[in-house]
Amino acid sequence: HASRLLALSEADCPMELKILVDGHLQSQAEYVYNNMWNAHPKIDPISGKLYWLDYDLSGITANFTYGVVDPEGKEERNCTGVLGGGKGVMIHDLGITEKYAIVIDCPVMVGIENYSTEGSLWKFDANHGSRIGIFPKDGENGSVQPTWFQIDTCWIFHLANAWEEGNTVVLIVVRWDRIDMSGHGKKDDFLTGNTRTLHEYRFDMDSGTVVEKSLAANFETLEFPVVNQKRIGRKTQFTWAVGNYENEPAFHRIFKFDLSTSPPSSQSYSCTSPDGKKLTAGEAYFVSNGSKEDEGYLITFVVDPEGKQPSSFLILNGQNLETICVIDLPARIPLGFHGLWVSEQQVNHQIATKILSAM
């Protein structure tokens, strides 16, 4: 955004990286903005504005912060709000539509005191319940007062997309029934023993009511939903995600869901080595290459879940999930969470900006 590549961390300030012409990354260890951001700000593809949100990492208050950065990198709006549940929670993602911003209040409570019982900053407490807040995404500085909608208790890490249909706001997410945060970061079974669905919420902004339903279920893991970035905040027909069925390694498959059918039709790509070993994929990032919403490529790293084999770089056809290219890598790359595609044009503009600023 604004010719800068930003490295993001949960509840930290965004740090600028430079991509050099040889592909290496360089950092001056300098924060671009002084505001803490959560992990997933959103860029409106029409206006070019960036929307960010964060929460009180100490858990002392139920406040959240929200801001807008214009296409040139100037801070345009900085606001505060109060979560509907009245307590501090982890807010990993946010959503935008053409008019609204969406804040998630789900029951992963945040606070230093959780270390004594959970061995973690986080604690899942179903008694807190779950709710979604919606407020105008543009406006003046000061405070925001979301309209809060109570939803069935759950946990939500990531949104696929959100959009408006008349006075209804539609939200597509990956929904977890619950999450065990005890010993988070140290457990091998963090992703097991749960139910995840591709889920739809429809919020009536006039009546204040919400209708929710499962769109696709029966996955042992399902996460990292992505859409065509040109359609962020606008109605989308397709979303891709990674996951697996029972008795498969975590994130063994890359799924494509067609939201225009009821229930959504789906297809999947099985990540398998030439000798038949079942492999694990990272987030499959969509790179648009045409006018159709699903015309483009899915790119990701594929790894051996046992860590015994080198990794590979995978490129799939976004329309039919057929393999376009598999590039064997000389070493194992540890599986990460999220991916990003940076174009040659963006790299060149970034470098030109750096040279001009130095002059």
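For the single chain, residues carry numbers from 1 onward in sequence order. For the numbers below, each heavy atom of this structure counts, side chains included, while hydrogens, waters and symmetry mates do not.
- Judged purely by distance below 3.5 Å, without hydrogens or angles, the side chains of N63 and T80 never pair a donor atom with an acceptor atom.
- Contact check for Q350 versus K18: side-chain heavy atoms found under the 4.5 Å cut-off.
- Remark: the backbone N or O of R253 is not paired with any side-chain donor or acceptor of N244 at under 3.5 angstrom.
- Salt-bridge annotation for K277 and D304: present, with a side-chain N of the basic residue lying under 4.0 Å from a carboxylate O of the acidic one.
- With ring centers used as reference points, F286 lies under 6.0 Å from W240.
- With 3.5 Å as the limit, one finds a donor-acceptor pair spanning the side chains of Y55 and E10.
- Ring geometry for Y245 versus F219: interplanar angle under 30°, hence parallel rather than tilted (30 to 60°).
- Under the 4.0 Å criterion applied to side-chain N and carboxylate O atoms, D152 and R175 are not assigned as salt-bridge partners.
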Worksheet entry | Step-by-step side-chain contact (heavy atoms from CB on, under 4.5 Å) determination, I112 to L121 | CA-CA 6 Å; I112 298 297; L121 189 66; 3.7 Å; yes
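- Cation-pi geometry between R196 and W176 is met: under 6.0 angstrom from the ring centre, within 45 degrees of the axis.
- Judged by distance alone, with hydrogens and angles left aside, the side-chain atoms of T261 form a donor-acceptor pair with the main-chain N or O of P263 at under 3.5 Å.
- With hydrogens and angles left out, the side-chain atoms of D258 and Q237 include a donor and acceptor closer than 3.5 Å.
- Put simply, the side chain of H252 gets close to the backbone of C271: a donor and an acceptor are under 3.5 Å apart.
- The only option from E165, E164, E212 that meets the salt bridge (charged side-chain N to carboxylate O under 4.0 Å, His left out) definition with R202 turns out to be E165.
- In this structure, W122 has its ring center no closer than 6.0 Å to that of F124.
- Judged purely by atom type and a 3.5 angstrom limit, T280 uses its side chain to pair as donor or acceptor with the backbone of A250.
- In this structure a side-chain-to-backbone donor-acceptor pair under 3.5 Å is present from N228 to E293.
- For CD of Q145, the number of neighbouring non-hydrogen atoms (other residues, nucleotides, ligands) closer than 6.0 Å is 12 at most.
- Taking the six-membered ring where tryptophan is involved, the planes of H40 and H158 are perpendicular, since the angle between them exceeds 60° and thus also 30°.
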Practice prompt. Report the C-alpha separation of D44 and K137 in whole Å, then their side-chain angles, then the decisive distance to 0.1 Å, and conclude whether the side-chain contact (heavy atoms from CB on, under 4.5 Å) test is met.
Written response: CA-CA 11 Å; D44 187 302; K137 71 178 185 180; 2.5 Å; yes
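- Using bins of under 30°, 30° to 60° and over 60° for the plane-to-plane angle, the ring pair W37/Y33 lands in the parallel bin.
- Salt bridge annotation for D105-K87: absent, with no cationic side-chain nitrogen under 4.0 angstrom from a carboxylate oxygen.
- With hydrogens and angles disregarded, no donor-acceptor distance shorter than 3.5 Å links the side chain of E200 to the backbone of K213.
- Applying the ring-ring contact (aromatic ring centres under 6.0 Å, His included) definition to pairs two or more places apart or across chains, those involving residues 290-312 are F301-F313.
- If you chain together hydrophobic residues whose side chains sit under 4.5 Å apart, M36 and L94 never meet in one group.
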